**Student:** 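Here it is, the structure in full.
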Amino acid sequence: MSKELVLIDGNSILYRSFFALPLLSNDQGVHTNAVFGFTKMMLKVLEDHEPSHILVAFDAGKTTFRHETYKEYKGGRQKTPPELSEQFPIIRELLDAFGVKYYELDQYEADDIIGTMVKEADAKGQKTTVYSGDKDLLQLASNHTTVSLTRKGISEIDHFTPESIEEKMGISKEQIIDLKALMGDQSDNIPGVPGVGEKTAVKLLKQFGTLENIYENIDDVSGKKLKENLINNQEEALMSKELVTINQNSPLKISLEDLKYEGYHSRELVSAFKAYGFQSLMGQVEGEDSEQEYEEIEFEVLSEFDQSLVDESQNILYVEMLDDNYHNSHIVGCSIINEKGYYYIPTDLLEDQTFINWLEDDQSPKTVFNKKQLLVALKWRGIEVKGITFDMQLAAYIVNPASHDGDLSSISHSYGLTEVSYDEEVYGKGAKQQLPNEEVYQEHIVRKGLAGFKLNQLLKDELKQNEQENLYYELEMPLSAVLAEMEYTGVKVDVDRLDSMQKDLSNRLSDIEAKIHNLAGSEFNINSPKQLGKVLFEDLELPVIKKTKTGYSTSADILEKLQHEHEIVEQILHYRQLSKLQSTYLEGLQKVVHQDTHKIHTRFNQVLTQTGRLSSVEPNLQNIPIRLEEGRRIRQAFVPSEDDSVILAADYSQIELRVLAHIAKDEKLVQAFNEGKDIHTQTAMDVFDVKEEEINDLMRRQAKAVNFGIVYGISDYGLSQSLGITRKEAEQFINKYFDSYPGVKAYMDDIVAQAKRDGYVETIMNRRRYLPDINSRNFNRRSFAERTAMNSPIQGSAADIIKQAMLDVVQSMEGTNLNATMILQVHDELIFEVKKSDVEALQKLVKEAMEQTIELSVPLLVDSSYGNTWYDAK
DNA sequence: CCAGTCACGC
DNA sequence: GACGTACGTGACTGGT
């Protein structure tokens, strides 16, 4: 392939991308959809061509020479949306990273720059491709120049040569200008001739060749009205032609040689992609030149640890582990960075008593990345790390929960610290992950520590700026140690019990499976929604209620509506329920039982959820079944790890609604809680305007769903789905609720207004959530952001409270000799293991600590119970 | 390896 | 009136 010149109409491609793609934004709330589309196209261009020269041309300013001809040029055009304008500077940054030249010229449009370049290139016989979304550019096609136009947004591209233009449009490329002159162009406010569209224009041009020729032979034009229009608008038509003709003699201050393209800078590109959240494009960047570029660093590889190396005021301690699961994970190596120097510490020094002493010294300050990971991993090695004063991962999460994502390198890059490679570049990803040469990973680990040395100060400043120091130092940091203890302690499971339940279920599943195949008259995979859909809606011809993107919906709520249609439906629902228990819980839990301890050691993710809740993985112990008896029995397998002990569960009653009452200061709601009313009954009384004794089951159930909706921030649509009513009715319920609780209504209005003003919302302990979509012009995105604004302070404050309660409970327990351990947290409940003899004392202590953890304008109420298994603690 | 669908918890 | 519906994790299918 011969070397090519590629010319890109920057504005056109950006506009196209902007309207074709949903309004993406990165975690800082900067919109990126247009640049994302542009970047994607850029990568494709580099892949498809072998460009020796590239230019991206942009329009300059508001006026052009065309305005002298016609001052209404591009008049009446909608103002560029601010969501797009803010992306113009970004694309320039990206183009710099791509090593691609861009150019704009006062009084000229991108078209003219491209046209002028094409003229120069054509004269030299240079092969050229022009990229745009604008058909006007077709006039530039030639023997050497292909014009590539985006179609349907930006996903498809059509390539035009003079021949293919003729073939597809029926006119030559020279006639494109005449065509446009006749048709006019709404978007550029080019008048053209009224009543002439594409069909008529093509017909005329086929007959007469050019616009001028039409007027010279105007008498030969057939159609009285058409002739009249042409004559009356001759001036406009000729002016239109002038306007749409690309100026190929623009006074460019650059020439072909200036456009030389020599490949992109992988590092800069990857760094920019990270910053704008283009994770999906990362893999397309080839990293040939990724090794150099860094400033050299020198570090010492320690063979023994020496106390004199560490600093009294601050040390970055970075410990590299590649497995996600840090229970018994391999440690690659460590680094320490401080004012005195940079040190690489081989993993075997974890056996060095001097090093261990330093790690365990409460008075030796350590700044780390992922405190909990470090505490747990080293606990498994018998080391109790102490003196951790700062956790950069946790800090990054607190200042913006949307940006926790990933390792120390990624976070450093997002703070502009780029002197460190991404883990993916060093170790590879997925199945291809492997350790590179010793020198390579040692330097990487030191560089990460070094990045952390600069990063920690930025994070500290931000915490202070946001007034989140209390949240961070007094709540999250100490909590991290409590969670580490819980994860390390683990939960005992009765493996035999799981095994026997699994065998029993296995038989029952086979039976049901046979029954279903029998009823269907064919054998198929019941777990495949696609195959199931075919059986139900094609073979058995059940009525189709709802479709998904890929086929028929077979979700439980749809199947429930079909129950009376066919016997098979009930069997499928039952099969689904049991197979969920089998695969996720009975099999799933057995897979994660620890070999040595015979316990389950979950990991609580403290830096993930947008609301401040914890999550739990490998296994997820926050979604063990409870609603249906069949599933609930899984809990019988969760048992105390010692004899004479029991499981105690203590849960907050209606914590979110109490938080709402407090935050909204709604008199009626506050009063209801203060009087100890059943809140769903009270809601039913208020919403239906009836006395307590008149409330029936349906009314209470509906009131409960409304409360649920308020707490979880669901829409009228969501409520209608959960109650099986119309959206109108759901809307009425919500309106009646707001009428009954005007304080709540006022809070909701207030918090949305606040979010629109500040761009974020906060919990009672200053936990933030940014809402980049809150001012979006897209109804869906905006509505979603508005509901999030209403809901996040409620859920998040509840999360704050139980986290604080966990600290308080642990602290009260320390002052006693109770034989008890906290083992789990499930959002509004805490689970303990405790010696039978201490159970009542613990119950009292826990209830008190949880209820007194914070003073609200309503009381907090905790219920608790215990038993021989988690199942029995009900 | 990823997206889509489904289902469990709060 | 749009349009898709809180926060999570995990299993499974079926396409690349």
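What you are looking at is a predicted structure, and each value in this text was computed from that prediction instead of being measured. In what follows, chains are A, B, ... by sequence order, proteins preceding strands, each numbered from 1. Values below: all heavy atoms of this structure, side chains included; hydrogens, waters and symmetry mates excluded.
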**Student:** For chain A and DNA chain B, what are the first and last nucleotides along the strand, 5' to 3', with at least one atom under 4.0 angstrom from a heavy atom of the protein chain?
**Tutor:** B:dC1 to B:dC10

**Student:** Find the distance A:Asn605:CG to C:dC7:P and express it as a whole number of Å.
**Tutor:** 16 Å

**Student:** For A:Gln754, give me all partners under side chain to side chain donor-acceptor pair (under 3.5 Å), at least two apart in sequence or on another chain.
**Tutor:** none

**Student:** In whole angstrom, give the distance that lies between atom CD1 of A:Ile624 and atom P of C:dG8.
**Tutor:** 19 Å

**Student:** Please give, in whole Å, the distance from C:dA2 C1' to A:Phe784 CZ?
**Tutor:** 17 Å

**Student:** Near DNA chain B, which residues from residues 612-621 of chain A have a heavy atom under 4.0 Å away?
**Tutor:** A:Arg613

**Student:** Please examine the side chains of A:Val617 and A:Phe604, heavy atoms only from C-beta on, and report whether any two atoms are closer than 4.5 Å.
**Tutor:** no

**Student:** Can you confirm whether the side chains of A:Thr869 and A:Arg497 place a donor and an acceptor under 3.5 Å from each other?
**Tutor:** no

**Student:** In whole angstroms, how far is the P atom of C:dG8 from the CG atom of A:Asp828?
**Tutor:** 17 Å

**Student:** Please check: side-chain N/O of A:Gln606 versus main-chain N/O of A:Glu476, any donor-acceptor pairing under 3.5 Å?
**Tutor:** yes

**Student:** List DNA chain C stems (3 or more consecutive Watson-Crick/G-U pairs, under 3.5 Å)?
**Tutor:** B:1-9 with C:7-15

**Student:** Looking at A:Lys745 and A:Asp749, does any basic side-chain N land under 4.0 Å from a carboxylate oxygen?
**Tutor:** yes

**Student:** Of the residues in residues 579-588 of chain A, which ones touch DNA chain C at a heavy-atom distance under 4.0 Å?
**Tutor:** A:Lys580, A:Ser583, A:Thr584

**Student:** Any salt bridge (charged side-chain N to carboxylate O under 4.0 Å, His left out) involving residues 713-729 of chain A? Give me the pairs, sequence neighbours left out, ordered by first then second residue.
**Tutor:** A:Asp716-A:Arg727

**Student:** Whole angstrom is fine here: how far is it from CZ in A:Arg576 over to P in C:dA11?
**Tutor:** 17 Å

**Student:** For A:Tyr397 and C:dG8, what is the distance between atoms OH and C1' respectively, to the nearest whole Å?
**Tutor:** 11 Å

**Student:** Just the rounded figure in Å: distance from C1' of C:dA6 to CD1 of A:Ile794.
**Tutor:** 11 Å

**Student:** Suppose we screen for ring pair (Phe, Tyr, Trp, His ring centres under 6.0 Å). Which residues come up paired with A:Tyr575, at least two apart in sequence or across chains?
**Tutor:** none

**Student:** Do the charged groups of A:Asp499 and A:Lys503 touch, with an N to O distance under 4.0 Å?
**Tutor:** yes

**Student:** With sequence neighbours left out, which residue pairs that include part of residues 621-631 of chain A fulfil the salt bridge (charged side-chain N to carboxylate O under 4.0 Å, His left out) condition?
**Tutor:** A:Arg508-A:Glu630, A:Glu629-A:Arg633

**Student:** Any chance the rings of A:Tyr712 and A:Phe708 have centres within less than 6.0 Å?
**Tutor:** yes

**Student:** For A:Phe738, which residues count as a ring pair (Phe, Tyr, Trp, His ring centres under 6.0 Å) partner, sequence neighbours excluded?
**Tutor:** none

**Student:** Can you run down the salt bridge (charged side-chain N to carboxylate O under 4.0 Å, His left out) pairs that involve residues 615-625 of chain A, sequence neighbours left out, and say none if there aren't any?
**Tutor:** A:Arg603-A:Glu618

**Student:** What is the distance from OH of A:Tyr712 to P of C:dC7, rounded to the nearest Å?
**Tutor:** 11 Å

**Student:** When you compare the protein's N or O atoms with those of nucleotides 14-16 of chain C, which come within less than 3.5 Å of each other, and at what distance?
**Tutor:**
residue	atom	partner	partner atom	Å
C:dG14	OP1	A:Ser528	OG	2.6
C:dG14	OP1	A:Gln531	NE2	3.2
C:dG15	OP1	A:Lys530	NZ	2.8

**Student:** For A:Phe524, check ring pair (Phe, Tyr, Trp, His ring centres under 6.0 Å) against everything at least two apart and list the hits.
**Tutor:** A:His517

